[in-house]
Amino acid sequence: MPLPHFLILILAVVLAAGLTIWAASAAGVPLLAIGLLALAAAGIAHLTMRDHHSR
């Protein structure tokens with residue numbers, strides 16, 4: 001992947017995260033709840049991506 005595309009991708013991710021935090025804060029969602037939700041989503045994504053084949 002060329003460097004400019006990579007940097008644009010990083011910028012898009014940072015902007016999306018900032019927009020999400022801003023929108024949740026504007027809606028009155030506590031920052032702790034956002035963090036716990038993100039942690040739970042990461043855990044679920046990790047568990048669903050596991051290779052369940054025994055070797």
Side-chain angles (χ1 to χ4, degrees):
M1 175 183 297
L3 182 61
H5 292 143
F6 177 72
L7 294 176
I8 291 171
L9 179 65
I10 295 297
L11 178 66
V13 169
V14 169
L15 288 176
L19 180 65
T20 301
I21 292 171
W22 174 78
S25 295
V29 179
L31 192 57
L32 179 64
I34 298 169
L36 289 175
L37 184 63
L39 185 62
I44 291 169
H46 174 73
L47 290 175
T48 58
M49 297 305 291
R50 281 190 159 176
D51 185 17
H52 294 291
H53 298 283
S54 59
R55 295 176 195 230

Query raised in the report: Judged by atom type as modelled, is there a donor-acceptor pair below 3.5 Å linking the side chain of Thr48 to the main-chain atoms of Ala45?
Result: yes
Requested in this report: Report whether Ile8 and Met1 are members of the same hydrophobic cluster (ILVMFWY, side-chain heavy atoms less than 4.5 Å apart, transitive linking).
Outcome: no
Requested in this report: Scan Val13, Leu11, Leu19 and name whichever one has a side chain to side chain contact (heavy atoms under 4.5 Å, CB included) with Leu15.
Outcome: Leu11
Query raised in the report: Are Val29 and Leu31 linked, directly or through other ILVMFWY residues, by side chains that come within less than 4.5 angstrom of each other?
Result: yes
Query raised in the report: Between CG of Leu32 and CG of Leu37, what distance do you get to the nearest 0.5 Å?
Result: 11.0 Å
